[in-house]
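Notes follow once the structure below has been shown.
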Amino acid sequence: MSLPAPRKKRRIHFDDDEGPKRSHSISSSPSTPLQKQREQLPIAKERDALIREIRENDVTILLGETGSGKTTQVPQYLLEAGLAGKGMIAVTQPRRVAATSLAARVAAERGVKLGSLVGYSVRFDEICGADTKIKYVSDGMLVRELLSDPLLSRYSVIVLDEAHERTLRTDFLIANLKSIQVKRKQATDVKGKGKCTSSAVNPLKIIVMSATLDAEKFSRFYHNARILYVKGRQHPVKIFYTAVNQTDYVDSALRTFFQIHLDQPPGDVLIFLPGQEDIESLEKSIKMHAKRLPVLVSLMYASLPPSQQARIFSATPPQTRKCILATNIAETSITIPGIKYVIDTGKSKEKRYLSKDTGGGFDTLLTRDITKASAMQRAGRAGREGPGFCFRLYTEEAFNNLAAASEPEIRRCSLTQSVLELKCLGQDLETVEFMDPPDINSVVAALKTLWILGALDDSKTLTPLGRQMASFPVEPYLARIILASSTHECTSEVIDIVSMISSSSKLFLDISDQRDAIASARSKFRHPSGDHLTILNTLRAYQEMAETENKSSRKEWCKQHFLNERTFTEALKIRDQLRVTCGRVGLDWRASKKDSEDPVLRSFTVGLVQQSALLQPDGSYKQLMGRSVVKIHPGSTLADKKVPAIIFDELVYTNQIYARGVSSVPRSYFNGATPAIPNGS
DNA sequence: TGGGGATTT
């Protein structure tokens, strides 16, 4: 290791600052009755004013600091005030785990069984009944509901929580709810005059809840809707900045950690870093310098094996300080108890989709400065259980120059799926009023992709094929592959692979210093054509093993092969869902050409025609549709192989443009794969 | 030779 031991004279100097303070709710003592706890929440004082405002206005913006209790209390206030009427109250959340745990909490507060008065609905998991009035839902779930019920008529109030996160799906809902509210108002007016007796369409109330100062923007979008503020309940977090800019944030983090470790009272430390590589490097440095002063180092990032993730929750032994090195997974998704000190490098990795008019576009993954909102969120992690400290490895001036909030996803993501969903609702992304309009190039790229996939015709009209594609809960290109498998009679195999690809957890675990062992453990699954059929082999091996083995041996088998069992369990749920959808659109999911790989690869080529490249005379791969030279990702079974043509699941630009999820196909498969393939170029 | 984080009738 090249990092020198931290020495006194090279201490990093932090300026003391009385500025931004932020922290989180005090967890209530378990002996207090739930009703008492409810009354003590900061929002309880505002109850009557809140109900009055919401009753009088169609849209309300609620700016509530963390710990105010808005997410659990507002729906109950609405219910108690009779504002739900005959309909339901929906509360959207960007993350499924939030939706399920909030529902459980609110059910407990009301003393009812989960799934009766209070329920939740997320993918694969719904606990609701005929008497459910408050329903916590993932934002994606409500988008899907919109496709079958364009007026969302079951709901009388829709609460969009965590709106400041600006997920693609929340923005999609914000835009649609605005026009739904108008339509439902018109329907109610007409009904009131006795001209309509059919449906029971009731007016819709919208409540947008946000934790940052974006409230004005939400208000402007909804005709200057009233903004209500609710204070949070927080422990103070003292913020420190560096006196000068740091050039090496990993080295700065190391020095700062030891300054805390040597000089400061007990308390665990959480260090925010951009990615796995920095985390592993800092882990080595800390361990090397911590010989005499015990430190328990644990790591936290999404692709870390679950068994190692669990370590961050273990109790810290006496006389030891726990130090957690994490990506921004610890910013919102995971709460770690016992943190008193936060070290913030001010960096994170950000994925951004670059649409190219020449091809399918690609994702970039670059280390960037965080936003002010993110910096405040990180600092808040030090004050959950008591007063805390946050050391920012940048100057106060640098903080002041950070962007207030990150760009909404609608300006960073591929819009292919959203355009298809809007087409199903009879709308166009070009004309729908969004809070932040998408980049026109992204819209054009999405339209082009959908046209190439056959979802839209030459006049941008939704085709029957496109409607079928939209009914599958996977990305349009994967839906196209499933539909193509019907022609090639291999839907069974294709659905197996598509389920694995669309699982959110990575199948192949990676531990940097065990790469050789990993490669040999997995070699038996390897298929010569590449990653798609290798995934199929792996799934088949898992299922064969799972038929006879119990839970702990299954876990052991996955560990031996460095595979993530969560990927299999999630994929099997997705597969069930896809099989049901196949039945609904008239596909036979049992169709199989046993052990014949050609039909499978032919089906994939239909959906991946935009994600393909041809071998050039100089040995490089160049996009079939597009001008970029791409390299096969080192993690692929085809890395370093030269084959005439490849198809791939995605392109990621880091240092080079890498193709991931790669298979080799004959060039002839591209002939007539879709009507859109340019001749001979 | 390399992987921020969510999510889908």
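Owing to the predicted nature of the structure, the values given are computational and were not obtained by experimental measurement. Chain A is the first sequence line, chain B the second, and so forth, proteins listed ahead of strands; every chain is numbered from 1.
- Nearest nucleotide to the A/Arg169 side chain, out of B/dG5, B/dA6, B/dT9: B/dA6.
- Checking the phosphate oxygens (OP1, OP2) of B/dT8, a side-chain nitrogen or oxygen of A/Arg96 falls inside 4.0 Å.
- Counting only heavy atoms from C-beta on, A/Val122 has its side chain closest to B/dT8 among B/dG5, B/dT9, B/dT8.
- Contact annotation: A/Gln577 side-chain N/O to B/dT9 OP1/OP2 distance is under 4.0 Å.
- Rounded to whole angstrom, the span from the CD atom of A/Glu126 across to the C1' atom of B/dT8 amounts to 14 Å.
- Listed candidates were B/dT9, B/dT7, B/dG5. Nearest to the side chain of A/Met141 is B/dT9.
- As rounded to whole Å, 8 Å separates atom P of B/dG2 from atom NZ of A/Lys631.
- Judged by atom type and distance alone, A/Glu475 does not reach the base of B/dT8 through any side-chain donor-acceptor pair under 3.5 Å.
- Among the nucleotides B/dG2, B/dT7, B/dG4, the one closest to the side chain of A/Ser504 is B/dT7.
- Protein atom CD of A/Gln276 is 9 Å distant from nucleotide atom P of B/dG5, rounded to whole Å.
- For the pair A/Thr327 and B/dG5, the criterion of a side-chain N or O lying under 4.0 Å from OP1 or OP2 is met.
- Rounding to whole angstrom units, CZ of residue A/Arg154 and P of B/dT9 are separated by 13 Å.
- Within the 4.0 angstrom heavy-atom criterion, only backbone atoms of the sugar-phosphate kind lie near A/Arg95; the bases stay farther away.
- Across all their heavy atoms, A/Gln93 and A/Ala98 have their closest contact at OE1-CB, 3.7 Å.
- For A/Arg584, no side-chain nitrogen or oxygen approaches OP1 or OP2 of B/dT9 to under 4.0 Å.
- At B/dG2, one or more side-chain N or O atoms of A/Tyr658 fall inside 4.0 Å of OP1 or OP2 (strictly under the cut-off).
- Aromatic pair A/His561/A/Phe525: centroids less than 6.0 angstrom apart.
- One finds a salt bridge joining A/Glu145 and A/Arg154 here, because a Lys/Arg side-chain nitrogen approaches an Asp/Glu carboxylate oxygen to under 4.0 Å.
- Following rounding to the nearest Å, A/Tyr120 (OH) and B/dT7 (P) show an atom-to-atom distance of 14 Å.
- On a pure distance criterion of 3.5 Å, a polar donor-acceptor pair joins the side chain of A/Glu409 and the base of B/dG5.
- Within 4.0 Å (heavy atoms only), A/Lys506 reaches at least one base atom of the nucleic acid.
- Relative to the side chain of A/Arg412, the nucleotides B/dT1, B/dG4, B/dT9 differ in distance, and B/dG4 lies closest.
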In sequence, state the C-alpha distance, the side-chain angles, and the governing distance for A/Glu162 and A/Arg95, and then conclude on salt bridge (charged side-chain N to carboxylate O under 4.0 Å, His left out).
CA-CA 10 Å; A/Glu162 312 284 5; A/Arg95 281 167 292 279; 5.2 Å; no
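- Among the heavy atoms of the strands lying under 4.0 Å from A/Ala302 are primed sugar atoms or P, OP1, OP2 only; no base atom is included.
- Both A/Pro274 and A/Asp139 sit near DNA chain B, but only A/Pro274 has its closest nucleotide nearer the 5' end.
- Between A/Phe508 atom CZ and B/dT1 atom P there is a gap of 21 Å when expressed in whole angstrom units.
- Among the atoms of the strands shown, only primed sugar atoms or phosphate atoms (P, OP1, OP2) are found under 4.0 Å from some heavy atom of A/Ile329.
- Rounded to an integer number of Å, the gap from CD of A/Gln93 to P of B/dT8 is 12 Å.
- Under a 3.5 Å cut-off, the side chain of A/Glu409 and the backbone N or O of A/Thr167 do not form any donor-acceptor pair.
- Among the atoms of the strands shown, only primed sugar atoms or phosphate atoms (P, OP1, OP2) are found under 4.0 Å from some heavy atom of A/Ser138.
- Between A/Lys347 and A/Asp278 there is no salt bridge, since no side-chain nitrogen of the basic residue lies less than 4.0 Å from a carboxylate oxygen of the acidic one.
- Salt-bridge annotation for A/Glu421 and A/Arg144: present, with a side-chain N of the basic residue lying under 4.0 Å from a carboxylate O of the acidic one.
- Rounded to an integer number of Å, the gap from CG of A/Leu478 to C1' of B/dT7 is 14 Å.
- Heavy-atom nearest nucleotides on DNA chain B were determined for A/Lys349 and for A/Asp640, and the one closer to the 5' end corresponds to A/Asp640.
- Taking the side chain of A/Arg123 as heavy atoms from C-beta on, and the options B/dT1, B/dT8, B/dA6, the nearest nucleotide is B/dT8.
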